[in-house]
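Below: the structure, in structure tokens.
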Amino acid sequence: MTSTRHDGDTWDLASSVGTTATAAAAARAIATREDRSLIDDPFAEPLVRAVGVDLLTRLASGELPPGDLVEQSAIDVAKVRTRFYDDFFLDAANAGITQAVILASGLDSRAYRLAWPTGTVVYELDQPQVVEFKTRTLAELGAEPTAERRVTAVDLRDDWPAALRTAGFDPARPTAWSAEGLLGYLPPEAQDRLLDTITELSAPGSRVATESRPNPKPGDEEATKESLNRTAERWRAQGFEADMAKLRYFGERNEAAPYLTGLGWTLEGRTIRELLTAHNLPLKDDDLRMGGVLYVSGSLTK
Ligand SMILES: C[S@@+](CC[C@H](N)C(=O)[O-])C[C@H]1O[C@@H](n2cnc3c(N)ncnc32)[C@H](O)[C@@H]1O
């Protein structure tokens with residue numbers, strides 16, 4: 001199976017990697033309906049609806065039950081993953097960090113729904129069509145950011161720090177960074193470059209949160225691809241073409257957690273299985289090999 005990815009490829013929210021952001025938001029919409037104590041994302045459903053992929057709209061709105069179109073484990077992961085990053089940003093804000101950078105923000109609505117302290121600046125970075133769509137749609141919905149939101153349209157494989165600085169980012173101030181659901185969509189060397197750059201732009205006391213996937217054991221990736229293909233097949237039967245298995249970069253890469261540690265970050269990690277267990281949620285099936293993914297966060301003490 002060949003990847004559909006190439007250097008410099010771009011997308012909107014209904015094509016290529018953009019569909020992963022819309023699918024993630026659809027999972028948040030379903031998760032919000034199931035358990036508002038863990039996740040309350042009122043913007044997920046209207047954003048998915050505005051993208052206009054019929055299947056994802058029907059799933060996000062509840063018109064179509066998730067059934068085998070969205071595994072319960074994916075919905076539960078959406079709950080605890082959202083909680084993990086929400087808590088990360090709120091903890092950083094409570095510790096006095098007033099500059100946040102959400103890398104690959106997709107349809108994430110944290111800049112509109114978290115209780116950021118007055119004076120917090122939130123930068124959102126993603127592909128041009130992604131950030132423009134979200135800004136326009138949320139304005140049309142009458143949503144107001146709860147922080148000073150600054151948007152930077154970039155390709156995260158390129159020289160994005162220049163655009164971030166132009167938007168007003170101050171590397172002398174401690175920053176809270178997130179890279180949620182991003183790294184697997186970057187080629188291995190672009191992932192290293194991104195983590196290097198985050199570190200270079202981080203004043204002492206900065207914080208970071210991301211996922212660190214263990215390198216695959218023999219057979220792991222084939223099982224993941226088969227599972228993604230089964231989902232793609234069910235989606236195709238509902239009229240939506242999305243070859244998820246061709247969008248990620250598979251194969252060996254530097255694992256994010258040890259790589260960041262080597263750059264001077266002090267991290268704590270919890271597996272998705274541990275996060276689920278902490279909220280009394282089982283990991284029912286693990287065809288996507290999510291159980292071993294570490295959710296890491298920590299700070300730079302240099
Ligand atoms: C799985 S989605 C995650 C979105 C969001 N963080 C969330 O959790 O809902 C992956 C996101 O990464 C973004 N992305 C992937 N590669 C990128 C690149 N090279 N430049 C900019 N954005 C990228 C996509 O546009 C998409 O929004």
Side-chain angles (χ1 to χ4, degrees), residues 3-32 39 41 43-45 47-48 51 53 56 60 70 74-75 77-86 88-89 100-114 122-135 137-138 151-161 163-164 177-195 197-198 208-211 213 228 231 242 244-249 272 288 290 293 295:
S3 165
T4 51
R5 303 294 314 281
H6 58 85
D7 285 352
D9 53 349
T10 59
W11 47 82
D12 60 17
L13 284 152
S15 61
S16 181
V17 186
T19 55
T20 69
T22 310
R28 284 195 291 273
I30 300 168
T32 294
I39 164 175
D41 185 349
F43 302 109
E45 183 196 336
L47 281 167
V48 173
V51 172
V53 173
L56 296 181
V70 186
I75 300 167
V77 166
K79 293 174 193 164
V80 298
R81 164 173 145 170
T82 303
R83 179 85 264 145
F84 172 82
Y85 285 100
D86 283 0
F88 165 75
F89 279 118
V101 180
I102 302 176
L103 298 162
S105 45
L107 293 176
D108 169 338
S109 63
R110 288 191 177 91
Y112 293 81
R113 63 177 180 78
L114 290 189
V122 178
Y123 295 88
E124 292 194 34
L125 281 70
D126 208 301
Q127 287 268 329
Q129 296 182 77
V130 173
V131 292
E132 281 155 19
F133 176 89
K134 186 169 71 180
T135 303
T137 305
L138 287 173
V151 164
T152 308
V154 289
D155 189 316
L156 290 165
R157 292 161 293 188
D158 292 345
D159 178 17
W160 52 269
L164 186 60
W177 302 88
S178 73
E180 177 185 9
L182 166 66
L183 300 181
Y185 300 103
L186 296 176
E189 62 284 358
Q191 171 179 312
D192 292 349
R193 238 181 5 253
L194 181 104
L195 300 179
T197 306
I198 290 174
V208 69
T210 192
E211 296 111 43
R213 186 177 279 274
L228 290 170
T231 301
M244 298 294 181
K246 294 187 180 169
L247 299 176
R248 255 167 56 184
Y249 288 89
I272 193 70
L288 293 178
M290 292 185 292
V293 175
Y295 282 69

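Whatever order the structure lists ligands and atoms in, that order sets their numbers, starting from 1. Along the sequence shown, residues are numbered consecutively beginning with 1.
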* Output the list of atoms in ligand 1 that are nearer than 4.0 Å to some heavy atom of L182, sorted by atom number. => 12 (O), 14 (N), 15 (C), 16 (N)

* Which atoms of ligand 1 have any heavy atom of A24 under 4.0 Å away? -> 9 (O)

* Asked: Which atoms of ligand 1 have any heavy atom of R28 under 4.0 Å away?
  -> 7 (C), 8 (O), 9 (O)

* Under 3.5 Å, is there a donor-acceptor pair between the side chain of R5 and the main chain of L247? -> yes

* Any N/O of T20 closer than 3.5 Å to an N/O of ligand 1? -> no

* Are any of the side-chain heavy atoms of T82 and R110 separated by less than 4.5 Å? -> yes

* A21 neighbourhood, listing ligand 1 atoms whose heavy-atom distance to it stays under 4.0 Å -> 2 (S), 26 (C), 27 (O)

* Part of V154 within contact of ligand 1 (heavy atoms, under 4.0 Å) -> backbone

* To do: Please work out whether any backbone atom (N, CA, C, O) or any side-chain heavy atom from C-beta onward of D108 is under 4.0 Å from ligand 1, and answer side chain, backbone, both or neither.
  => neither

* Any N or O on A104 sitting closer than 3.5 Å to an N or O of ligand 1? -> yes

* Applying side chain to side chain donor-acceptor pair (under 3.5 Å), name anything that partners Y112, two or more places apart in sequence or on another chain. => R149

* Donor-acceptor under 3.5 Å (T32 side chain, D41 main chain) -> yes

* Backbone or side chain, does any N or O of E180 fall under 3.5 Å from an N or O of ligand 1? -> yes

* **Closest to atom 14 (N) of ligand 1 (judged by heavy-atom distance), picking from Y249, Y185, W11, W160** => W11

* Asked: What part of S105, side chain, backbone, both or neither, has a heavy atom within less than 4.0 angstrom of ligand 1?
  -> backbone

* N or O contact, L156 vs ligand 1, cut-off under 3.5 Å -> yes

* **Pairwise side-chain contact, L182 with L194, heavy-atom cut-off 4.5 Å (strictly under)** => yes

* Where the side chain of D126 meets the backbone of V131, is there a donor-acceptor pair that is under 3.5 Å apart? -> no

* Asked: By number and element, which atoms of ligand 1 are closer than 4.0 Å to a non-hydrogen atom of R81?
  -> 7 (C), 8 (O)

* Is the closest side-chain heavy-atom distance between D108 and I102 below 4.5 Å? -> yes

* Asked: Between the side chain of R28 and the main-chain N/O of A78, is any donor-acceptor distance below 3.5 Å?
  -> no

* Are any of the side-chain heavy atoms of Y295 and I272 separated by less than 4.5 Å? -> yes

* To do: Say whether R5, considering both its backbone and side-chain N or O atoms, lies within less than 3.5 Å of an N or O atom on ligand 1.
  => no

* Relative to the heavy atoms of G181, which atoms of ligand 1 are at a distance of less than 4.0 Å? -> 1 (C), 2 (S), 3 (C), 10 (C)

* **Single hit among T137, L56, L13, T19 for side chain to side chain contact (heavy atoms under 4.5 Å, CB included) with V51** => L13

* For atom 22 (N) of ligand 1, which of D126, L186, D155 has the closest heavy atom? -> D126

